[in-house]
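Notes follow once the structure below has been shown.
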Amino acid sequence: MRLDNERPSDNIEDRRGENVGFNFPRGRGPGMRIPIGRRGGGMGLGTLAILLVVAWLLGINPLDLLTGGNVQLPGQLPGSVDTQAPRQTQTASDDKMKDFVARVLGSTERTWDRIFSDRGQRYVKPRLVLFTGYVNSACGMAQSAMGPFYCPGDSKVYIDLSFYRDLSAKLGAPGDFPEAYVIAHEVGHHVQNLLGIADKVNAARQRMSQVQANALSVRMELQADCFAGVWAKQADLTGHILEKGDIEEGLNAASAIGDDRLQRRTQGRVVPDSFTHGTSAQRVRWFKQGYDSGEMGRCNTFNTSQL
Ligand SMILES: [Zn+2]
């Protein structure tokens, strides 16, 4: 990507290092169990890292985790895992990453600001919080193991930059564009929040069976992928941010984080009813739909029989 000409956003809150040494109280309060254990077996660090990323990618709602909702990765048995010790130092490459994230966020601000004003609406910018280990949000206390997330309660995107290492090394989605795509996807959830889509979907999910709620979640996530594609296209039209190979990297990333691919990788089988983000093919298709059209009107994942 070429981001030299992209003005970094001011809406970054650097809270890295704040909660170093913080320990979740164990055995009381809202359940902070990350149910990724397996019966009777130890887990290698590599497996653990993959599962932590998967928790995010499978769309485990931070709210569920924080309010004691009984969240469970599909096909896996509940168990608790000690939280990892947060890193205590920031490196030069972390600061480079911060600059990268700020430029990507700045680009999403300008793009969505323009799209909203074309529709006669006002785009209220989200803030992005960098943290290490743990962070307090309007959605409750969250840990980096949950992966990047958007909290509608405070309109903030939260990310521990260590996630990017796993994205590249564990999930096989290297490159700067996939890193930007993660931000753009979370900003996509912010757009859904501004448009009132998030409220409607969350209200509807309360009245449904788990299987139906999962299906609705898939539509929500695929729309965020589509919005990420819209951003990529529009930002490139105005700022020429894309380089050769970027979109291919993005499509590879969308494919790498499909529910079917992740489930096959972590549990050896695929349970479609438990999908919350969509298959690899669907994620690729909706990212591409957003990118090819550059129009958010083409991202109506709720009104299509063919996802
Ligand atoms: Zn999402």
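Because the structure is a prediction, the values reported are computed rather than measured. Start at 1 and go down the list; that is how both ligands and their atoms are numbered.
Residue side and main chain included, Glu186 places no N/O/S atom under 2.8 Å of the Zn ion (ligand 1). Not a single N, O or S atom of His277, from either the backbone or the side chain, sits less than 2.8 Å from the Zn ion (ligand 1).
Vertex the Zn ion (ligand 1); arms to His189 atom NE2 and Glu221 atom OE1; angle 100° (nearest 10°).
Taking the side chain as every heavy atom from C-beta outward, Met296 and Trp112 approach each other to under 4.5 Å.
The environment of Lys125 atom NZ is sparse: at most 12 non-hydrogen atoms of other residues, nucleotides or ligands sit within 6.0 angstrom. Around atom CZ of Arg114, more than 12 heavy atoms belonging to other residues, nucleotides or ligands sit under 6.0 Å away.
Between the side chain of Tyr181 and the main chain of Ala253, no donor-acceptor pair closer than 3.5 Å is present.
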